[in-house]
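Below is one structure, written out as structure tokens; the observations come after it.
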Amino acid sequence: MNLIFFGPPGGGKGTQARLLQARRGFVQISTGDILREAIAVGTSLGREAQRYMDKGELVPDVVMIGIVEERLRRPDTAAGFVLDGFPRTLPQAAALEEMLGRLGRRLDRVVDFQVSEATLVRRLSGRRVCQAAGHIYHVEFNPPRQPGVCDIDGSPLYQREDDRPETVRRRMEVYRAQTAPVLEHYRARSVYTVLDAEGAVEEVSTRLEAALGL
Ligand code: AMP
């Protein structure tokens, strides 16, 4: 299956995409993870992206479209992919359409993760991420066995710079102004699927798999 996970920051897209990759083999394509890796390695892409990310702004469309096309061309996506965090603007959605056509791929579902604003704020403020591979935890809702240490690879957990309250506010504004309108592009189509993304990780996962007919 080829999927788009659509929703606000803290909606649970990354957590669910990682689970689906582990359980079903659909490859997660997280544009945020790709950018964070580029920052960690110190590439020129990383240096450019960081200027936007630290402010909670979007990285320019041309940059993001190039990254996604390159990723979609890799053969591991043939078994299915989950786009997590892309498209985030109308030009990105148009470019994706064009790109999928050219690559001879089709979209099976666009999953709209619906969560209350109160939940988003609680999830983002308690989110912790592992340094080695980006595994996602929450200090209260999904804590690691040992505080501050990743269960999977033992690497230290950190709080994303853009999960601090001032930046979260800006990311929410950017979501409403630039990303939410992208939903209109998909809402009227048969691929559009609503997901109640409130609740615990496993609850949401069960609902998601049911919604996808898995
Ligand atoms: P995320 O991990 O999806 O929350 O993304 C973190 C940050 O990376 C965002 O706030 C943006 O600055 C940048 N980013 C990720 N995906 C995109 C995208 N599709 N378009 C523009 N910027 C992006």
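Just so you know, these numbers use all the heavy atoms, side chains as well, and skip hydrogens, waters and symmetry mates. All ligand and atom numbering here is 1-based and tracks the order in the structure.
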Original post:
Can you list the residues that meet the side chain to side chain donor-acceptor pair (under 3.5 Å) rule with Arg207, with sequence neighbours excluded?
Top reply: Glu203
**OP:** Could you walk me through whether Ile65 and Gln92 pass side-chain contact (heavy atoms from CB on, under 4.5 Å), step by step?
**Re:** CA-CA 6 Å; Ile65 291 164; Gln92 288 180 17; 4.3 Å; yes
**OP:** Measure the shortest side-chain to side-chain distance between Gln16 and Asp84 over non-hydrogen atoms and say whether it is less than 4.5 angstrom.
**Re:** no
Original post:
What do the steps show when you test Thr193 against Arg109 for side chain to side chain donor-acceptor pair (under 3.5 Å), and what is the final call?
Top reply: CA-CA 7 Å; Thr193 307; Arg109 296 295 185 92; 3.2 Å; yes
Subject >> Heavy-atom side-chain proximity of Cys130 to Ile152 below 4.5 angstrom >> reply: no
Original post:
Around ligand 1, what residues show up once you keep those with a heavy atom under 4.0 Å from it?
Top reply: Thr31, Gly32, Leu35, Arg36, Met53, Glu57, Leu58, Val59, Met64, Gly85, Phe86, Arg88, Gln92, Arg160, Asp162, Arg171
Original post:
Quick one: which of Arg169, Arg122, Arg176 gives a salt bridge (charged side-chain N to carboxylate O under 4.0 Å, His left out) with Glu117?
Top reply: Arg176
